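Worksheet: one structure, shown below.
Every value quoted in this text rests on a predicted model; they were computed, and no experiment measured them. Within every chain, numbering begins at 1; the chains are lettered A, B, ... in the order of the sequence lines, protein sequences first and strands thereafter.
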2 protein chains.
Amino acid sequence: MLKNASGHSNPDEESALFKAMAHPVRLMILRELLKNPRCVTAIHEILDVRQPNISQHLSVLKNAGLVASGREGSYMCYYLRKPGLVKTLFEAVEAEWPEEKMENVRNRFRKALEERLEAEPIR
Amino acid sequence: MLKNASGHSNPDEESALFKAMAHPVRLMILRELLKNPRCVTAIHEILDVRQPNISQHLSVLKNAGLVASGREGSYMCYYLRKPGLVKTLFEAVEAEWPEEKMENVRNRFRKALEERLEAEPIR
DNA sequence: ATCTTGTGTTCGAATATTCCAATATTCTTA
DNA sequence: TAAGAATATTGGAATATTCGAACACAAGAT
């Protein structure tokens, strides 16, 4: 998942996922779905966003593989396909992270730079 | 951090972070910086992307608070401000996540729907 | 079959993003 | 201080995203 055939990370697929999360309304939808599966109208009323717009955002989330839906009576039930992923991403973003300082980076930078200059291929 | 004054999650700030990660080149830059702090030219050569474009993407990452930079001799040293955050996000995205099935969601949906219909305020 | 409610789609305008070419700017070194 | 290397900025074209309005479609109730 999110790796290409050769087992390496895939910037295109991954950026597609982040792009799907790159909108406040979509984040609010995902947060809501983290609590409960919801129908379009419920989301519409909870978020104070027009219904067609909610549908559009849900469509983006669905194309990104973040949500799925199934009809439930007269409602469309939207839910997270991978709640664990979404939960983890939110928690990561909410957490406090230690800040890296320039002083701590300096030596690693110089070393990496030297290595790169030695390795310098043709030029 | 990434919470507003009232301590709640902040969709606008959070989506800004995801937006910064919503581009394959920026993801590649972040992955590179996860290994080592780098100067612009090094990134430029490693990624085969034109230098002004690299600068532009770095600027986006900097505005999002994901990277910082400091001059080191004649080079600009770019590094991750919160390596832990970036690492965690990549790991989350690369991991295998259990898929939620419609059957598992159905009952929760119905219950949530009933609650919502009862709570129905004015209308 | 019609009406109502819930949902999805389409079109177009406004805005934002992305990238390149060209040009600036900033250091370092001669 | 002039040259050169490293990096940043700007302007503009191409493309993508966003959102509302209007409309289309689907299912259940009457």
Inset, instruction - Would you kindly give the OH-to-P distance between B:Tyr75 and D:dT7, to the nearest whole Å? - result: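 Interatomic distance, OH of B:Tyr75 to P of D:dT7: 7 Å.
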Inset, instruction - For the pair A:His44 (side chain) and A:Val49 (backbone), establish whether a donor and an acceptor sit closer than 3.5 Å, ignoring hydrogens and angles. - result: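 Yes; at least one donor-acceptor contact below 3.5 Å.
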Legend entry - Point-to-point distance, once rounded to the nearest 0.5 Å, from NE2 of A:His57 to CG of A:Asn53: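 Rounded to the nearest 0.5 Å, the NE2-CG separation comes out at 4.0 Å.
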Inset, instruction - Under 4.0 Å between any heavy atoms, over every strand shown, what does B:Lys19 touch: base, sugar-phosphate, or nothing? Just pick one. - result: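 The residue B:Lys19 makes sugar-phosphate contact but no base contact.
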Looking at [X] and [Y], does any basic side-chain N land under 4.0 Å from a carboxylate oxygen?
{"X": "A:Arg110", "Y": "A:Glu114", "value": "no"}
{"X": "A:Arg81", "Y": "B:Glu99", "value": "yes"}
{"X": "B:Glu72", "Y": "A:Arg106", "value": "yes"}
{"X": "A:Arg38", "Y": "A:Glu32", "value": "yes"}
{"X": "A:Arg31", "Y": "B:Glu14", "value": "yes"}

[options]: which one has an atom nearest the side-chain heavy atoms of [X]?
{"X": "A:Gln56", "options": "C:dC20, C:dG6, C:dC11", "result": "C:dC11"}
{"X": "A:Asn53", "options": "D:dA8, C:dG8, D:dC19", "result": "D:dC19"}
{"X": "A:Thr41", "options": "D:dT7, C:dC20, C:dT7", "result": "C:dT7"}
{"X": "A:Tyr78", "options": "D:dG20, D:dT7, C:dG8", "result": "C:dG8"}
{"X": "B:Gln51", "options": "C:dG8, C:dA21, D:dA8", "result": "D:dA8"}

Legend entry - Exercise: do B:Thr41 and B:Glu45 side chains pair donor with acceptor under 3.5 Å: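 Not at all, the side chains of B:Thr41 and B:Glu45 share no donor-acceptor pair under 3.5 Å.
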Legend entry - Contact residues, residues 21-34 of chain B to DNA chain C [heavy atom, < 4.0 Å]: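 Only B:His23, B:Arg26 qualify.
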Interface polar pairs with nucleotides 24-30 of chain D, N/O, under 3.5 angstrom:
none

